[in-house]
Amino acid sequence: TNFWGQYDEGLYDGVEGAAAAKVCSDNLFAFSKKTGAIAWTYTDGVIINSTITIGAGRVYFVETRNAKVKASSSRRVSMPEMWLDQFLVALDVDSGAKVWEVPIDTVDGEAVIFLAHGKGRLVLVSSGGPPTGNKNQYGEVLKRHYVYAYDPSNGDAQWETSFEWTRPRKAEHMSRPVIVGETLFIRPHVLNLTTGELLPQRMP
């Protein structure tokens with residue numbers, strides 16, 4: 001709502017602060033398709049909506065259980081405490097029962113944080129962190145994509161890597177991970193999903 005006349009403050013692809021606040025939720029719930037009744041509800045921490053992912057009979061997401069975030073009045077969250085007390089959670093999609101949870105500690109995703117599931121991997125991309133010290137040809141300060149892979153059966157860490165943004169303010173710092181077969185696409189890079197190795201291909 002603050003876009004008009006305020007290009008920098010209101011554009012959707014802000015790289016940090018209030019313009020890049022994460023939309024979060026207090027609970028996750030499922031309805032029965034047959035009756036319309038609520039089948040289950042999960043409530044614990046503050047769920048980061050952009051990480052809600054479904055696959056192989058489970059629902060996965062990242063939440064913070066930080067007391068300050070839970071007590072805040074808004075669920076459009078940009079406070080630094082949201083990166084504390086992080087948990088990666090897996091629920092059974094039919095019952096809502098917690099299958100597993102693991103504490104995680106990612107680099108702060110001030111720009112974006114996304115989760116994807118496919119081919120025996122959960123891939124988390126947290127975009128932000130400290131500036132790299134480099135700028136692109138437009139003079140824009142560059143940060144990094146931090147990529148973490150987990151075993152969806154138990155949440156065990158598999159590999160992690162990072163690489164520099166190329167063009168913030170053109171949404172290249174907001175790349176959502178896409179899994180196709182054994183290949184992981186995170187613009188502008190292409191990775192081996194199993195190992196995290198950067199492949200020679202590049203996305204345009």
Side-chain angles (χ1 to χ4, degrees), residues 1-3 6-25 28 45-55 59-64 66 69 72 74-89 104-118 121-132 134-136 138 140-150 157 159-180 183-191 193 196 198 202-204:
T1 57
N2 65 338
F3 173 76
Q6 301 182 58
Y7 184 87
D8 288 332
E9 291 80 5
L11 197 62
Y12 77 97
D13 62 354
V15 298
E16 61 187 4
K22 307 299 174 286
V23 179
C24 299
S25 295
L28 185 67
V46 176
I47 299 167
I48 304 174
N49 288 7
S50 59
T51 66
I52 299 171
T53 303
I54 190 168
V59 180
Y60 307 92
F61 52 87
V62 176
E63 67 180 5
T64 175
N66 180 267
V69 177
S72 65
S74 175
R75 286 298 175 256
R76 191 167 180 261
V77 183
S78 60
M79 64 179 62
E81 289 82 5
M82 76 174 298
W83 308 111
L84 304 175
D85 309 306
Q86 282 182 305
F87 285 82
L88 180 62
V89 180
I104 60 173
D105 185 16
T106 66
V107 171
D108 298 357
E110 304 105 329
V112 293
I113 182 169
F114 293 125
L115 188 66
H117 173 276
R121 288 287 185 270
L122 276 174
V123 176
L124 178 67
V125 176
S126 189
S127 186
T132 64
N134 297 326
K135 295 182 179 181
N136 62 16
Y138 305 100
E140 295 166 326
V141 174
L142 299 177
K143 296 186 178 184
R144 300 181 75 83
H145 294 298
Y146 295 87
V147 188
Y148 307 85
Y150 304 93
W159 54 261
E160 63 181 77
T161 189
S162 71
F163 46 85
E164 200 169 56
W165 295 347
T166 55
R167 187 73 171 96
R169 294 293 186 173
K170 289 294 182 181
E172 289 190 11
H173 63 295
M174 303 179 74
S175 183
R176 183 181 294 274
V178 175
I179 297 170
V180 181
T183 306
L184 171 63
F185 296 88
I186 304 172
R187 190 170 60 164
H189 289 289
V190 182
L191 298 84
L193 177 64
L198 288 175
R202 297 270 289 191
M203 293 182 67

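Start at 1 with the first residue, then count along the sequence. The figures that follow rest on heavy atoms only: side chains count, while hydrogens, waters and symmetry mates do not. None of the values given here were measured: they were computed from a predicted structure.
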Within this structure, what is the [atom1]-[atom2] distance for the pair [X] and [Y], rounded to the nearest 0.5 Å?
| X | Y | atom1 | atom2 | result |
| --- | --- | --- | --- | --- |
| Glu110 | Ser126 | CD | OG | 7.5 Å |
| Ile47 | Cys24 | CD1 | SG | 9.0 Å |
| Thr183 | Leu193 | OG1 | CG | 8.0 Å |
| Ile179 | Leu184 | CD1 | CG | 6.0 Å |
| Met203 | Ile186 | CE | CD1 | 10.0 Å |
| Phe163 | Arg144 | CZ | CZ | 9.0 Å |

With a 4.5 Å heavy-atom cut-off, do [X] and [Y] have their side chains touching?
| X | Y | result |
| --- | --- | --- |
| Val62 | Thr106 | no |
| Ser50 | Val23 | no |
| Thr64 | Val77 | no |
| Trp159 | Val147 | yes |
| Asn66 | Trp83 | no |
| Val46 | Met82 | no |
| Val112 | His173 | no |
| Val107 | Tyr148 | yes |

**Prompt:** Tyr60: what forms a ring pair (Phe, Tyr, Trp, His ring centres under 6.0 Å) with it, not counting sequence neighbours?
**Reply:**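 With neighbours one apart ignored, the set is His117.
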**Request:** Output all residues satisfying ring pair (Phe, Tyr, Trp, His ring centres under 6.0 Å) with Phe61, sequence neighbours left out; order by chain, then residue number.
**Result:**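 Checked Phe61 against ring pair (Phe, Tyr, Trp, His ring centres under 6.0 Å); matches are Tyr42.
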**Under 3.5 Å donor-acceptor, Thr53 side chain and Leu115 backbone** =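 A pair under 3.5 Å: yes.
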**Asked** Distance-only, no hydrogens or angles: does the Ser127 side chain make a donor-acceptor pair with backbone N or O of Ala111 under 3.5 Å?
**Response**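 Absent.
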Closest non-hydrogen atom pair, [X] against [Y]:
| X | Y | result |
| --- | --- | --- |
| Ala157 | Tyr150 | CA-CD2, 3.8 Å |
| Pro177 | Phe114 | CD-CB, 3.5 Å |
| Ser175 | Arg187 | OG-N, 2.8 Å |

**Prompt:** With sequence neighbours left out, which residue pairs that include part of residues 14-24 fulfil the salt bridge (Lys or Arg N to Asp or Glu O under 4.0 Å) condition?
**Reply:**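 Pairs touching residues 14-24 that pass the test: Glu16-Lys143.
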